Protein chains: 2
Amino acid sequence: MSDTRQKILDIATELFAERGYAATSLSDIAERLGTSKAALYYHFRSKGAILDALVSEPLTAFTKLAAAARDLPPRDLLAAILDTAIAMRTLFELLDKDPSTRKHLDADATRATSAQVNATLVAVLAGPDPTAGSTARAHAAYATVKNAALAILAQGGDLDDLTRRELLAAAVRALEPGA
Amino acid sequence: MSDTRQKILDIATELFAERGYAATSLSDIAERLGTSKAALYYHFRSKGAILDALVSEPLTAFTKLAAAARDLPPRDLLAAILDTAIAMRTLFELLDKDPSTRKHLDADATRATSAQVNATLVAVLAGPDPTAGSTARAHAAYATVKNAALAILAQGGDLDDLTRRELLAAAVRALEPGA
DNA sequence: GTCTATACTTAGATAGAC
DNA sequence: GTCTATCTAAGTATAGAC
C-alpha cells in the first residue's frame with residue numbers, strides 16, 4: 001500500500017471521527033494532505049471508497065468475533081470485545097456512532113452491519129433461553145466493555161491494565177444475576 | 001408554538017437521528033413536510049436553528065441533573081439518568097452520537113456540551129477522592145444506564161419496568177467494588 | 001404562511017496536460 | 001502521481017409576489 005494512500009486514510013480517520021463522514025469534504029482532506037482534490041481520485045474511486053477502506057478492518061474483526069462468540073465463556077468473550085474496542089478505538093467509534101457512516105455502510109447489503117454484529121454479541125451474552133432479565137444484563141455488560149472503554153479513551157484517560165481489569169470485572173458483575 | 005413549527009421539529013428529529021445532522025438537507029425536510037424549502041425559513045432562521053431548538057430541552061434537562069447530582073445517593077442518580085435517557089431517547093442519541101451535531105453545538109461556547117455533562121456525572125459517580133478503579137466503575141455504571149438503555153430501545157425492545165429495574169441493578173453492581 | 005425564482009457557495013467527480 | 005480547469009448537482013439562504 002502506497003505511502004500517500006495510507007496518509008489519506010490517516011487523515012480521513014481523524015476528520016471523520018471529529019466531524020462525521022458526511023460533514024467532511026474531500027477539500028478538507030486534500031487541504032491537510034497538501035494536495036488538490038483531484039489527486040485523491042488517483043488513490044480512491046470515490047469518497048465512499050475511502051470510508052469503505054477504513055472500516056473494513058474493524059468490521060471484519062468484529063464479525064469474526066461474533067462468529068466465534070458462542071464457543072467462548074462469557075468472561076473471555078467480554079475480554080475479547082474490550083480488547084478489540086480498545087485496539088480499534090477511533091474507527092470503532094465511527095462505525096458505532098456516526099449516523100452518516102452507518103447509512104453509507106447499510107447501503108451495501110453484502111456486508112454485515114455494525115448493528116447486526118452488536119445484536120449477535122448481545123444475544124450470545126444473554127445465553128440460551130434468554131429472558132428479559134438476562135437480555136438486559138447482557139446489554140449492560142456489553143455497554144460496559146464497549147461504551148465505557150471508549151468513553152474513558154475519549155476523555156483522554158489511559159486504559160492501563162488496572163483500568164482494563166476493573167472494567168472487565170464490572171461487566172462480569174453486571175452480567176450475573178443479582179442477589 | 002405553531003402546528004407547522006412542531007411538525008418541522010418532529011420531521012427533523014426523525015431525519016437527524018437516521019442520517020445525522022450534516023447529511024440531512026432542508027430539501028429532505030421540506031419534502032416530508034410537503035412544502036418548499038423557503039417555507040422553512042418562515043419558521044426558523046437557519047438549519048442550525050432547527051437543531052438548536054431540538055436539543056435545548058434534553059441538554060438543559062441533563063445539565064440540571066448534573067447540577068443536582070452531588071446531592072443524590074448513587075443509586076438514585078443512576079435511576080434519574082436512566083429515566084432521563086429513556087424519556088428523551090431520540091434526541092439524546094443525537095446529542096451523544098452524531099459528530100456533526102456535537103460540532104454544531106460546540107461552536108456555541110455559552111452552552112454546556114454533552115461531553116462536559118457526561119464528565120460531570122461520571123465524576124460524581126466516581127465519588128470523592130476518585131481512584132483509577134472507582135473512575136472505571138463509574139464509567140461502567142454510566143454506560144449501563146445510558147448506552148445499554150438506548151441500545152435496547154434502538155433494537156425495538158420495550159423498556160418495561162422489569163427491564164428498567166434489571167438495568168439499574170446491573171449498574172449498581174458495576175459501580176460497587178468487586179469482592 | 002407559503003410560493004417561485006434565484007443568488008451564491010460548495011460538494012463530488014472527470015478531462016486532459018504534465 | 002499530481003496539477004489546473006471545469007462540469008453538474010446540491011446545499012443554504014434571500015427576494016419579492018401572492
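Since we're looking at a predicted model, the values are computed, not measured. So you know, we letter chains A, B, ... as the sequences are listed, proteins then strands, and number each from 1.
For the pair Lys47(A) NZ and dT14(C) P, the computed distance is 15 Å after rounding to whole Å. Regarding Asp3(B), its CG atom lies at a distance of 10 Å from the P atom of dT2(C), rounded to whole Å. In this structure, CD of Glu31(B) is placed 15 Å from C1' of dG11(D), rounded to the nearest angstrom. The interatomic distance linking Tyr41(B) (OH) with dC3(C) (C1') rounds to 16 Å, in whole Å. Atom CG of Leu33(A) is separated from atom C1' of dC3(D) by 13 Å (rounded to the nearest Å). Atom CG of Leu51(A) and atom C1' of dG12(C) are 15 Å apart (whole Å). Distance Leu40(A) CG to dA11(C) C1': 13 Å, rounded to the nearest Å. Atom-to-atom, CD1 of Ile8(B) to C1' of dT2(C) comes out at 11 Å; the value is rounded to the nearest Å.
The side chain of Ser27(B) sits closest to dG11(D) out of dA13(D), dG11(D), dA13(C). Among the nucleotides dT12(D), dT2(D), dG1(C), the one closest to the side chain of Tyr42(A) is dT2(D). Set against dA11(C), dG12(C), dC3(D), the side chain of Ala39(A) has dC3(D) as its closest nucleotide. Picking from dA5(D), dG12(C), dG11(D) the nucleotide with the shortest atom distance to the side chain of Ala38(A) gives dA5(D). Considering only the side chain of His43(B), dT2(C) comes nearest among dT4(C), dA5(D), dT2(C).
Nearest-nucleotide positions on DNA chain C place Ser2(B) closer to the 5' end than the other of Leu26(A) and Ser2(B).
Using a cutoff of 4.0 Å between basic side-chain nitrogens and carboxylate oxygens, Arg111(A) and Asp108(A) are scored as salt-bridged. A salt bridge links Arg164(A) to Asp83(A): one of the charged nitrogens lies within less than 4.0 Å of a carboxylate oxygen. Ion pair Lys7(B)/Asp3(B) flagged as a salt bridge, since at least one NZ, NE, NH1 or NH2 atom sits closer than 4.0 Å to an Asp/Glu carboxylate oxygen.
With hydrogens and angles left out, the side chain of Lys37(A) and the base of dG12(C) share a donor-acceptor pair within 3.5 Å.
Nucleic acid contact for Ser36(A): base, since at least one base atom lies under 4.0 Å from a heavy atom of the residue.
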* Under the side-chain hydrogen bond (donor to acceptor under 3.5 Å, both in side chains) rule, what do His104(B) and Asp52(B) come out as? Steps first, then yes or no, please. => CA-CA 9 Å; His104(B) 174 84; Asp52(B) 287 335; 3.2 Å; yes
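A close approach under 4.0 Å does not occur between any side-chain nitrogen or oxygen of Thr35(A) and OP1 or OP2 of dT2(D). Listed pair Thr4(A) / dT2(D) meets the phosphate criterion, a side-chain N or O lying under 4.0 Å from OP1 or OP2.
For the pairing with Leu167(A), the side chain to side chain contact (heavy atoms under 4.5 Å, CB included) check across Leu78(A), Val145(A), Leu82(A) returns one residue only, Leu82(A).
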